[in-house]
Amino acid sequence: AACHGQNGVSISSDWPKLAGQNQRYLYEQLKYFRDGDRMNALMMSVTPYLQSLEDEDLLDIAAFYEQYPISVGQAKNDEELLELGTQLYRFGNMKKQIPACTACHAVYGQGNSLAGYPSVAGQQIGYLTSSLKAYRSKERNAGESSLIMQSISENLSDYEIEALANYMHGLYK
C-alpha cells in the first residue's frame with residue numbers, strides 16, 4: 001500500500017498501478033519477484049516478504065488488486081505525440097516489425113486475462129516508459145511474455161516509447 005496505494009493506485013509515476021490488473025498477470029509477476037526471476041531495485045525491500053508467501057497467498061494478493069477499478073490517466077495534449085502513440089498502439093509499424101499493441105493488450109488497453117497479458121489502460125507514464133526500456137535492453141526478462149516484449153521493444157526509439165506511454169496512460173473505455 002505504501003508504494004502501490006491503498007486501493008492499488010500508486011501516487012508515483014514510477015510505480016505501477018495495480019488496481020484492476022488481471023489476477024493471472026499479477027500472480028505471475030509476484031512469483032517472478034518471489035523466486036528471484038524478476039529483479040527491480042524498488043521491489044528489493046519487499047522480496048524477503050514475498051519469499052515467505054505460498055502460491056495461494058500470491059493469488060489472494062492478485063485477486064485483491066484485481067477487484068478495484070482501473071484508474072484513468074490524462075495523456076499530454078501534444079498532437080504529434082498522440083498521433084504517433086495512437087498509430088503504434090492501434091496499428092503498429094510493419095516497416096520496423098512492431099505489431100499493434102492491441103493484439104495483446106486490447107483496443108482499450110484492458111489486456112487479456114486468459115493469456116496473462118496486462119492491462120495498460122491508465123498505467124503510470126514513468127512505469128510504462130521504464131518497462132518498455134527494460135524490455136528493450138533485455139533487463140526485464142522473466143517469463144515467456146518478456147520474450148515477446150523484448151522482440152517488439154528492441155525496435156522502438158525513445159521517442160516512440162514516450163509516445164506509447166503517453167497514449168496508454170490516457171486509454172480508457
Side-chain angles (χ1 to χ4, degrees), residues 4 8-10 12-33 36-43 62 66 70-173:
H4 298 287
V9 180
S10 60
S12 170
S13 177
D14 295 328
W15 301 329
K17 295 178 183 180
L18 302 181
Q21 191 59 262
N22 74 69
Q23 183 183 21
R24 179 176 172 184
Y25 175 77
L26 286 176
Y27 169 69
E28 288 174 355
Q29 297 310 305
L30 288 168
K31 277 181 52 176
Y32 294 145
F33 282 120
D37 295 325
R38 181 173 172 197
M39 303 296 196
N40 179 289
L42 297 172
M43 286 292 289
E66 182 183 48
I70 292 173
S71 71
V72 298
Q74 178 66 49
K76 293 177 199 168
N77 189 14
D78 178 322
E79 192 173 320
E80 184 179 311
L81 201 62
L82 284 170
E83 185 178 322
L84 178 59
T86 302
Q87 178 67 34
L88 288 170
Y89 188 85
R90 291 186 182 177
F91 308 107
N93 181 335
M94 289 303 110
K95 289 181 183 175
K96 292 182 72 175
Q97 298 181 335
I98 300 169
C101 303
T102 57
C104 297
H105 299 286
V107 174
Y108 297 109
Q110 68 269 32
N112 181 330
S113 60
L114 294 176
Y117 297 140
S119 167
V120 294
Q123 191 54 265
Q124 299 284 21
I125 290 177
Y127 176 73
L128 290 166
T129 301
S130 65
S131 292
L132 287 169
K133 288 182 177 181
Y135 283 124
R136 185 176 66 186
S137 69
K138 299 191 178 14
E139 175 186 329
R140 187 161 170 187
N141 57 11
E144 288 180 32
S145 61
S146 286
L147 297 174
I148 296 166
M149 287 302 301
Q150 286 173 357
S151 68
I152 294 167
S153 60
E154 71 185 2
N155 298 316
L156 292 169
S157 69
D158 284 349
Y159 186 69
E160 289 168 328
I161 286 174
E162 179 185 357
L164 275 170
N166 181 58
Y167 181 78
M168 290 186 283
H169 179 65
L171 267 177
Y172 64 93
K173 272 188 174 177

List the steps and the verdict of side-chain contact (heavy atoms from CB on, under 4.5 Å) for F33 and N40. CA-CA 8 Å; F33 282 120; N40 179 289; 3.7 Å; yes
Side chain N166, main chain K76, donor-acceptor under 3.5 Å: yes
Rounded to the nearest 0.5 Å, what's the gap from CD1 on I152 to CG on L147? Could you check? 11.0 Å
Are any side-chain N or O atoms of Q123 and backbone N or O atoms of V120, one a donor and one an acceptor, separated by less than 3.5 Å? no
Between S153 (side chain) and L156 (backbone), is there a donor-acceptor pair under 3.5 Å? no
First locate atom SG of C101, then atom CG of L164, and finally report the distance between them rounded to the nearest 0.5 Å. 5.0 Å
Is any side-chain heavy atom of Q87 less than 4.5 Å from a side-chain heavy atom of N93? no
May I ask you to test the M168-I125 pair for a side-chain heavy-atom distance under 4.5 Å? no
Could you check if a side-chain atom of L18 sits within less than 4.5 angstrom of a side-chain atom of L26, using non-hydrogen atoms only? yes
Distance (rounded to the nearest 0.5 Å) between S157 OG and L84 CG: 7.0 Å
Note: P99 and Q97 closest approach over all heavy atoms is CD-O, 3.6 Å
OG1-CG distance between T102 and N112, expressed to the nearest 0.5 angstrom: 12.0 Å
Under a 3.5 Å distance rule, please check whether Q150 uses its side chain to pair with a backbone N or O of E139 as donor and acceptor. no
What are the two closest non-hydrogen atoms of V9 and A19, and how far apart are they? CG2-CB, 4.0 Å
Test applied, side-chain hydrogen bond (donor to acceptor under 3.5 Å, both in side chains); reference residue, Q124; option that passes from S10, S71, S13: S10
Sub-3.5 Å donor-acceptor pair from the side chain of S119 to the main-chain atoms of Q21, do we have one? no
Quick one: salt bridge (Lys or Arg N to Asp or Glu O under 4.0 Å) partners of R24, sequence neighbours excluded? E28
So, for A75 and L82, which heavy atoms are closest and what is the spacing to 0.1 Å? CB-CD2, 3.7 Å
Check whether any side-chain N or O of N155 sits under 3.5 Å from a backbone N or O of K96 as a donor-acceptor pair, and report yes or no. yes
Between D37 and N141, the two heavy atoms sitting closest are O-OD1, 4.0 Å
How far apart are the closest heavy atoms of A142 and R38, and which atoms are they? CB-CB, 3.9 Å
Measuring only between side-chain heavy atoms, which start at C-beta, is L171 closer than 4.5 Å to Q110? no
Quick one: ring-ring contact (aromatic ring centres under 6.0 Å, His included) pairs with a partner in residues 104-158, sequence neighbours left out? none
Got a sec, which pairs hit ring-ring contact (aromatic ring centres under 6.0 Å, His included) with one end in residues 144-169, sequence neighbours left out? Y89-Y167
Quick test of your reading of the model: are K138 and E154 salt-bridged, counting only N-O distances below 4.0 Å? yes
Can you see which heavy atom on K17 is nearest to which on G122, and at what distance? NZ-O, 2.8 Å
Are any side-chain N or O atoms of Q23 and backbone N or O atoms of E66, one a donor and one an acceptor, separated by less than 3.5 Å? no
